[in-house]
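To start, the structure under review is shown below, and the notes come after it.
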Number of protein chains: 2
Amino acid sequence: MKLTSKGRYAVMALVDLARFDNINPVSLRDISLRQGISIDYLEQIFSKLKKNNIVKSVRGNQGGYVLSKNPNDIKLTNIFHAVDEKVKTVQCKKDSKKGCNGKATKCITHNLWDELENHINSFFEKKSLEDLVQNKKESRL
Amino acid sequence: MKLTSKGRYAVMALVDLARFDNINPVSLRDISLRQGISIDYLEQIFSKLKKNNIVKSVRGNQGGYVLSKNPNDIKLTNIFHAVDEKVKTVQCKKDSKKGCNGKATKCITHNLWDELENHINSFFEKKSLEDLVQNKKESRL
DNA sequence: TCATACCTGACTAAAATGGTCAAGTTTAGT
DNA sequence: ACTAAACTTGACCATTTTAGTCAGGTATGA
């Protein structure tokens, strides 16, 4: 299970983007300044977000990034997936004789992790970027 | 956020223990054989479980471990806590000017992680060892 | 007294994390 | 045409965490 700062940064950056891209593309430099994330690291993250069609890039001077969908249609699950935050709890080794091979003899706790994954994913599937932006506005910008 | 195989092993071992400790203490050796976890690693884990009063040890020949409470009273949250699996998503750095200091200027996604933590913890607080043992029985031993 | 089993702490290889650095390419504006 | 802003790509790396192993104990029932 991974849920680290890369995922957090991705979300922070996208919320920032959602709030400021009304008119012009937003540069990583601006996001970096506002959110306190290094540009170099943001570049890594945005490269992935772009590949997953969450943002579009505008190159050249005055360029930057823009959301490629409505914030309502961008769920957290999409974001995490894009930056390789896998909500996989623990893998059962394929080759182990004991324990779980995923087929006949499920390991003693296999169902548990499945349940947990569903539990967490359902949370992420409900939350959209729009929700977060609203939440931010409510809590006094 | 950490949810790794140490936590998984702890749960596996305890479910095993819950099923076999009816009469005698269960040795780590037996658990090791049944669950495919190295004895040395189990010792680390059980040391922590013991400190957190989840199991009791019986030393000497024919010794082993016994649950120190009813399986119904051992929640997953207790187990994870014992083996230092913190369900902490991401920490906001204390010293960073930007972002979150936990007080006045909550970082843009702070509420989100709080919500998520609660969501996950509630799952762990509901599940007891007994639930897992039952679940195992249902799914054909 | 000896075999079994717990107990403790040091150690470590490999992977993940959280980045940095360098060397580009693209394009708006002058 | 030039230049500066901004995206693009990929290599690199220090630190921390993970998932253990190893060695040398101590306790105790038979």
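Since the structure is predicted, the reported quantities are computational estimates derived from the model, not experimental observations. Order of the sequence lines fixes the chain letters, A, B, ..., with proteins taken first and strands second; residue numbering starts at 1 for each chain.
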Inset, instruction - Please state whether the base of C:dG18 and the side chain of A:Gln44 form at least one donor-acceptor pair under 3.5 Å? - result: no
Inset, instruction - Name all residues meeting the side chain to side chain donor-acceptor pair (under 3.5 Å) criterion together with B:Lys75; count only those two or more places apart in sequence or in a different chain, and write none if there are none. - result: none
Legend entry - Atom pair distance, as rounded to whole Å: NZ in A:Lys51 and P in D:dC7: 16 Å
Inset, instruction - Supply the atom-to-atom distance B:Glu130 CD to B:Asp73 CG, rounded to the nearest 0.5 angstrom. - result: 10.0 Å
Legend entry - Letter per nucleotide, 5' to 3', of nucleotides 2-7 of chain C [B base touched, S only sugar-phosphate touched, - untouched; heavy atoms, 4.0 Å]: --BSBB
Inset, instruction - Write down the distance between NZ (B:Lys48) and P (D:dG20), rounded to a whole number of angstrom. - result: 14 Å
Inset, instruction - Mind calculating the distance between CD1 (B:Ile45) and P (C:dT8) to the nearest angstrom? - result: 16 Å
Inset, instruction - Using side chain to side chain donor-acceptor pair (under 3.5 Å) as the criterion, list what pairs up with A:Asp16, not counting sequence neighbours. - result: A:Arg34, A:Gln35
Inset, instruction - May I ask you to verify if any side-chain N or O of B:Ser38 is less than 4.0 angstrom from the OP1 or OP2 atom of D:dA19? - result: no
Legend entry - Residues which pass side chain to side chain contact (heavy atoms under 4.5 Å, CB included) with B:Glu115, listed by chain and number, not counting sequence neighbours: A:Phe123, A:Lys127, A:Asn135
Inset, instruction - Take the C1' atoms of the five end pairs on each side of the helix from C:dT1-D:dA30 to C:dT30-D:dA1, get both axes, and report the angle to 10 degrees. - result: 10°
Show me, pair by pair, the donor-acceptor contacts under 3.5 angstrom made by side chains of residues 39-56 of chain B, not counting sequence neighbours?
from    : atom 1 : to      : atom 2 : distance (Å)
B:Lys48 : NZ     : B:Asp84 : OD2    : 3.0
B:Lys50 : NZ     : B:Ser57 : OG     : 3.1
B:Asn52 : ND2    : B:Lys48 : O      : 2.9

Inset, instruction - Kindly give the cluster partners of A:Val58, where membership spreads through any ILVMFWY side chain lying under 4.5 Å from a current member. - result: A:Val66
Inset, instruction - Would you kindly give the OH-to-P distance between A:Tyr41 and C:dA16, to the nearest whole Å? - result: 14 Å
Inset, instruction - With sequence neighbours excluded, tell me which residues meet salt bridge (Lys or Arg N to Asp or Glu O under 4.0 Å) with B:Lys6. - result: none
Inset, instruction - Rounded to the nearest angstrom, tell me the gap between atom CG in A:Asn24 and atom C1' in D:dA5. - result: 14 Å
Legend entry - Any residue meeting side chain to side chain contact (heavy atoms under 4.5 Å, CB included) with A:Asn61, in chain and number order, not counting sequence neighbours: none
